[in-house]
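Beneath this line is the structure, given in C-alpha cells, with notes to follow.
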Amino acid sequence: MSGAVQKIYHLAAFSWYAFVIQSLYAKGDEDLPPGIFVYGGPWKYLTFLNLILQMVFFGLAALNDLQSSVKGLRVARDLLFSIYAFPVGMFVVMLFWSIFAYDRQLVYPASLDNFFPPWINHAMHTFVLPILIGEILLQPHAYPKTKTGMTALGVVGLAYLSWVIWVYLSVGIWVYPLLSLFSPAGLIGFFFFNMTVVTLLYLLGQTLNSCIWGKTQKVKRKA
C-alpha cells in the first residue's frame, strides 16, 4: 500500500510542477509588468529555478518507483532531495514570505498581482513547503556525509550568487529590488546570512529524516 501511495504522490507532484512551469511559460507572450525585466529570462529567479529543481526531483522519484532495482536512480534521488530539493525549497518559501511580510515591494511588487493570479504565487512560494514535508513523511532518504552535502550545497549557492551578480553587472538592475538597498559590505553580510540559513535547513532535513526514519534505515542496513 505504501508503495502505491509513493508512486501516486511522486507522479502527482511531478505533474503539478510541470503544470505550474508550463503556466509560467504561457505568460511569456504577455507584456511584462514593472518589476520584471527581460535579461536572463525566468532563469535569474531562484523561485523559478526551484520549481525546475522540484520537478526534476519528483520526476526522478517517480522513475525510481518504476525502476526500483536500479540503484543509481535511488542514489541520485536521495542526493538531489537531501542536498538541494529540501533546503532550497524550504529557503524559497521562508525567505519570500519573511520579506513579503516586511515590505512586499522588495520581493514581489504589487504590479505582479495583475500578471500572476494568486494561485501561481502560492504555487511558487507556499505549496512547495507542504509538498516537501509530505515527501519527508512518506519516504526515507539516504543522506551523504554532512561535510560533503554542505560543500555541494555551498558550491551551487556560490554559482547562483555569481549569476545574480553577473545579471546586475550586465544590465545594472538587481534581480530582487531588496538587493539595491545594501552597501557592498551589506550585500556580503546578506549573502552570508542566506547561506547560513540554507545550511541550517539542510541540517533540519537531515535531522527530520533521521528522527522519522532512523530506526527503519538501521533495520534495512542490518538486513
Side-chain angles (χ1 to χ4, degrees), residues 24 32-54 56-57 79-113 115-116 120-129 132 143-208:
L24 289 174
L32 297 178
I36 298 181
F37 56 97
V38 174
Y39 187 86
W43 300 95
K44 59 182 174 289
Y45 297 110
L46 184 59
T47 293
F48 181 79
L49 295 175
N50 178 59
L51 291 175
I52 297 293
L53 171 62
Q54 302 300 326
V56 171
F57 163 71
L79 289 176
L80 191 60
F81 178 81
S82 61
I83 300 175
Y84 302 118
F86 183 85
V88 173
M90 296 290 284
F91 175 77
V92 166
V93 174
M94 292 177 61
L95 186 66
F96 175 84
W97 288 113
S98 295
I99 299 174
F100 189 96
Y102 174 73
D103 183 355
R104 66 168 300 174
Q105 294 299 119
L106 298 177
V107 66
Y108 195 84
S111 60
L112 297 183
D113 289 342
F115 189 72
F116 295 122
I120 286 187
N121 182 22
H122 286 293
M124 296 187 294
H125 302 118
T126 305
F127 300 151
V128 174
L129 188 151
L132 286 171
Y143 271 67
K145 292 182 179 180
T146 301
K147 183 178 180 180
T148 300
M150 292 188 354
T151 299
L153 181 59
V155 169
V156 171
L158 288 174
Y160 178 68
L161 171 58
S162 299
W163 170 227
V164 168
I165 293 174
W166 173 265
V167 171
Y168 173 73
L169 294 176
S170 298
V171 296
I173 304 174
W174 285 109
V175 173
Y176 303 103
L178 171 68
L179 300 179
S180 64
L181 301 180
F182 292 103
S183 65
L187 283 172
I188 293 174
F190 182 69
F191 290 138
F192 179 78
F193 170 77
N194 287 338
M195 285 305 302
T196 301
V197 172
V198 174
T199 299
L200 291 175
L201 290 172
Y202 170 86
L203 295 174
L204 173 63
Q206 186 181 55
T207 301
L208 289 174

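Numbers for residues simply follow the sequence, beginning at 1.
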Would you call [X] and [Y] a side-chain contact if the rule is heavy atoms closer than 4.5 Å?
{"X": "Phe57", "Y": "Leu132", "answer": "no"}
{"X": "Leu129", "Y": "Met90", "answer": "yes"}
{"X": "Val107", "Y": "Tyr102", "answer": "no"}
{"X": "Met195", "Y": "Leu161", "answer": "no"}
{"X": "Val56", "Y": "Leu80", "answer": "yes"}
{"X": "Leu178", "Y": "Leu181", "answer": "yes"}
{"X": "Leu153", "Y": "Val88", "answer": "yes"}
{"X": "Leu95", "Y": "Val197", "answer": "no"}

Kindly determine whether Leu208 and Phe86 satisfy side-chain contact (heavy atoms from CB on, under 4.5 Å), including the steps that lead there.
CA-CA 11 Å; Leu208 289 174; Phe86 183 85; 4.2 Å; yes

May I have the step-by-step check of side-chain contact (heavy atoms from CB on, under 4.5 Å) for Asn194 and Phe91, ending in yes or no?
CA-CA 9 Å; Asn194 287 338; Phe91 175 77; 3.7 Å; yes

The test is ring-ring contact (aromatic ring centres under 6.0 Å, His included); show your working for Phe182 and Phe191 and say whether it passes.
CA-CA 11 Å; Phe182 292 103; Phe191 290 138; 8.1 Å; no

Measure from the side-chain N and O atoms of [X] to the backbone N and O of [Y], and report whether any donor-acceptor pair falls under 3.5 Å.
{"X": "Trp163", "Y": "Trp43", "result": "yes"}
{"X": "Tyr160", "Y": "Lys44", "result": "yes"}
{"X": "Tyr143", "Y": "Gly149", "result": "no"}

May I ask you to decide if the ring planes of Tyr45 and Tyr176 are parallel, tilted or perpendicular, using 30° and 60° as cut-offs?
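The rings of Tyr45 and Tyr176 stand perpendicular, inter-plane angle above 60°.
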
side-chain contact (heavy atoms from CB on, under 4.5 Å) between Leu203 and Thr146, intermediate numbers included
CA-CA 8 Å; Leu203 295 174; Thr146 301; 3.9 Å; yes

Regarding Trp97 and Tyr108, is there a side-chain donor-to-acceptor distance under 3.5 Å anywhere?
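Looking only at side-chain atoms, Tyr108 and Trp97 do not form any donor-acceptor pair under 3.5 Å.
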
Which atom names give the shortest non-hydrogen contact between [X] and [Y], and what distance separates them?
{"X": "Val198", "Y": "Pro87", "result": "O-CB, 3.8 Å"}
{"X": "Leu51", "Y": "Ala123", "result": "CD2-O, 4.1 Å"}
{"X": "Pro177", "Y": "Ser180", "result": "O-OG, 2.6 Å"}

Would you check, one step at a time, whether the test side-chain contact (heavy atoms from CB on, under 4.5 Å) holds for Asn121 with Phe96?
CA-CA 11 Å; Asn121 182 22; Phe96 175 84; 3.6 Å; yes

List for me each residue that meets ring pair (Phe, Tyr, Trp, His ring centres under 6.0 Å) alongside Phe116, sequence neighbours excluded, and say none if there are none.
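Ring pair (Phe, Tyr, Trp, His ring centres under 6.0 Å) list for Phe116, sorted by chain: empty.
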
Pairing residues for Tyr168 by the ring pair (Phe, Tyr, Trp, His ring centres under 6.0 Å) criterion, not counting sequence neighbours:
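Testing Tyr168 for ring pair (Phe, Tyr, Trp, His ring centres under 6.0 Å), a comparison that skips the adjacent residues, returns Trp174.
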
Could I get the full list of salt bridge (Lys or Arg N to Asp or Glu O under 4.0 Å) partners for Asp113, not counting sequence neighbours?
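If we apply the salt bridge (Lys or Arg N to Asp or Glu O under 4.0 Å) test to Asp113, skipping adjacent residues, the hits are Arg104.
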
